[in-house]
*Asks:* 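Mind looking over this structure? Questions follow.
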Amino acid sequence: VRRSLSDSSYAERRRECDAAVAELRSHRSSITSLRDVTVDDLDLIEELPDPLARRARHVVTENARVVQASQALESGETERLLDVFAASHQSLRNDYEVSSSELDAMVEAALSSPGCVAARMTGAGFGGSAVALVRRNLQDRFLQAVALGYQSRTRREGAFFVSQAADGAGTLELS
């Protein structure tokens, strides 16, 4: 779905995160950004008013998920990615509130298509894109199935772009 971040609530999310940091700093002066807060601090985050608690919870748990995904890729435990990506998408949808029905439909269609290892929305949200990790040998079947699945869920045509890691990036062969 085409969108413009200037017309969305993107700036509002940023302000909410800044407000969460200001509130958290009143409890611990060493907090200067949400990256200074860890999942061990979730009790402190839950004391924030809504929606600041949900916004901060998303950022903090998303930072932890990035580490989990990296570890899963480095160790070759790709089956762990499904849960990490699913938790990310759920948090983006529920806590950060930047998904859309179309993005949710694309992720659902991807997850139910052959070869999909994991899928989630990506980018700033409010429309935009989803990313799916797909087994290379099932790429063509995946593309056909996800296109049909998305269209049946939304009555819209999706656009699909195939990419792979380039020089300088690590690659993991998903067979």
Side-chain angles (χ1 to χ4, degrees), residues 1-5 7-10 13-14 17 34-35 38-39 42 51 54-175:
V1 175
R2 290 197 185 276
R3 48 83 166 117
S4 168
L5 292 181
D7 296 335
S8 73
S9 296
Y10 183 80
R13 295 299 178 278
R14 180 72 199 155
C17 287
L34 288 175
R35 74 177 160 267
T38 70
V39 292
L42 286 176
R54 289 185 293 120
R55 305 304 189 241
R57 181 175 53 230
H58 165 71
V59 173
V60 170
T61 58
E62 187 71 359
N63 287 343
R65 283 187 288 273
V66 169
V67 173
Q68 292 169 354
S70 176
Q71 291 170 342
L73 287 167
E74 288 174 359
S75 67
E77 298 175 87
T78 57
E79 65 281 351
R80 287 177 40 205
L81 294 173
L82 178 64
D83 291 338
V84 174
F85 273 48
S88 177
H89 187 79
Q90 179 180 347
S91 182
L92 285 159
R93 182 185 62 229
N94 300 339
D95 283 344
Y96 215 58
E97 296 182 287
V98 295
S99 193
S100 66
S101 60
E102 292 87 358
L103 280 171
D104 294 343
M106 183 61 81
V107 169
E108 291 168 12
L111 289 170
S112 65
S113 295
C116 186
V117 173
R120 57 163 276 196
M121 68 153 285
T122 191
F126 305 105
S129 301
V131 63
L133 302 180
V134 178
R135 297 187 186 286
R136 188 173 291 147
N137 63 329
L138 295 171
Q139 173 184 309
D140 292 338
R141 288 181 55 203
F142 170 83
L143 288 169
Q144 290 172 347
V146 74
L148 288 171
Y150 181 71
Q151 189 170 37
S152 72
R153 285 169 171 83
T154 64
R155 308 287 184 249
R156 302 174 69 117
E157 279 192 44
F160 303 91
F161 304 92
V162 176
S163 64
Q164 61 186 28
D167 289 342
T171 60
L172 176 66
E173 186 66 34
L174 301 175
S175 56

*Asks:* Using every non-hydrogen atom in the two residues, find where L34 and N63 come nearest and quote the distance to one decimal.
*Replies:*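 Heavy atoms only, the tightest pair is O-ND2, 4.4 Å.
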
*Asks:* Does atom CD of E79 have more than 12 heavy-atom neighbours, drawn from other residues, nucleotides or ligands, at distances under 6.0 Å?
*Replies:*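 Count over threshold, so yes.
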
*Asks:* Roughly how far, to the nearest 0.5 Å, is CD of Q90 from OG1 of T61?
*Replies:* 10.0 Å

*Asks:* With the side chain counted from C-beta on, respond yes when L133 and C116 share a heavy-atom pair under 4.5 Å apart, and no when they do not.
*Replies:*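 When only atoms from C-beta onward are counted, C116 and L133 do not touch, as no gap falls below 4.5 Å.
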
*Asks:* Is there side-chain contact between V39 and V60, with at least one heavy-atom pair below 4.5 Å?
*Replies:* yes

*Asks:* Would you check if L111 and L82 make a side-chain contact, meaning some heavy-atom pair closer than 4.5 Å?
*Replies:* yes

*Asks:* Does any part of the side chain of S152, heavy atoms only, come nearer than 4.5 Å to the side chain of L148, both counted from C-beta?
*Replies:* no

*Asks:* Measuring only between side-chain heavy atoms, which start at C-beta, is V98 closer than 4.5 Å to Y10?
*Replies:*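 No, side chains not in contact.
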
*Asks:* Could you pull out the closest heavy-atom pair between F142 and A132, with the gap in Å?
*Replies:*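 Closest approach of F142 to A132, heavy atoms only: CZ-CB, 3.8 Å.
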
*Asks:* Please report the closest heavy-atom contact between A130 and L103, naming both atoms and the distance.
*Replies:* N-CD2, 4.0 Å

*Asks:* Run R54 and E97 through side chain to side chain contact (heavy atoms under 4.5 Å, CB included) and show every step you take.
*Replies:* CA-CA 9 Å; R54 289 185 293 120; E97 296 182 287; 3.1 Å; yes

*Asks:* Report the C-alpha distance between Q139 and V162 in whole Å, list the side-chain angles of each, state the deciding distance to 0.1 Å, and finish with yes or no for side chain to side chain contact (heavy atoms under 4.5 Å, CB included).
*Replies:* CA-CA 9 Å; Q139 173 184 309; V162 176; 3.6 Å; yes

*Asks:* Could you check whether any side-chain N or O of S75 sits under 3.5 Å from a backbone N or O of Q71, counting only pairs where one atom can act as donor and the other as acceptor?
*Replies:*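 Side chain of S75 to backbone of Q71, a donor-acceptor pair under 3.5 Å: yes, one is there.
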
*Asks:* Considering only heavy atoms from C-beta outward, does the side chain of M106 approach that of V146 to under 4.5 Å?
*Replies:* yes

*Asks:* Run the numbers on H89 and S99 for side chain to side chain contact (heavy atoms under 4.5 Å, CB included), then give the verdict.
*Replies:* CA-CA 8 Å; H89 187 79; S99 193; 3.6 Å; yes

*Asks:* Could you go step by step and tell me if R156 and Q151 meet the side chain to side chain contact (heavy atoms under 4.5 Å, CB included) rule?
*Replies:* CA-CA 5 Å; R156 302 174 69 117; Q151 189 170 37; over 6 Å; no

*Asks:* Please identify which of these residues, R65, E62, R57, meets the side-chain hydrogen bond (donor to acceptor under 3.5 Å, both in side chains) condition with S91.
*Replies:* R65

*Asks:* Which atom names give the shortest non-hydrogen contact between A109 and G149, and what distance separates them?
*Replies:*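 A109 and G149 have their closest heavy atoms at CB-C, 3.7 Å.
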
*Asks:* Which atom pair, heavy atoms only, marks the closest approach of G158 to Y150?
*Replies:*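 Minimum heavy-atom separation between G158 and Y150: N-CD2, 3.6 Å.
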
*Asks:* Indicate yes or no for a side-chain donor-acceptor contact from R141 to the backbone of G115 under 3.5 Å, with no hydrogens or angles considered.
*Replies:* no

*Asks:* State the CZ-OG1 distance between R135 and T78, to the nearest 0.5 angstrom.
*Replies:*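 So the CZ of R135 and the OG1 of T78 are separated by 5.0 Å.
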
*Asks:* Give, for atom CD of Q68 and atom OG of S88, the distance between the pair rounded to the nearest 0.5 Å.
*Replies:*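 So the CD of Q68 and the OG of S88 are separated by 10.5 Å.
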
*Asks:* Once you round to the nearest 0.5 Å, how far does CG of L92 lie from CZ of F85?
*Replies:*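 Rounded to the nearest 0.5 Å, the CG-CZ separation comes to 11.5 Å.
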
*Asks:* Going by the rule ring-ring contact (aromatic ring centres under 6.0 Å, His included), which residues pair with Y96 if we only count those two or more places apart in sequence or in a different chain?
*Replies:*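 Per chain and number, Y96 pairs via ring-ring contact (aromatic ring centres under 6.0 Å, His included) with H58.
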
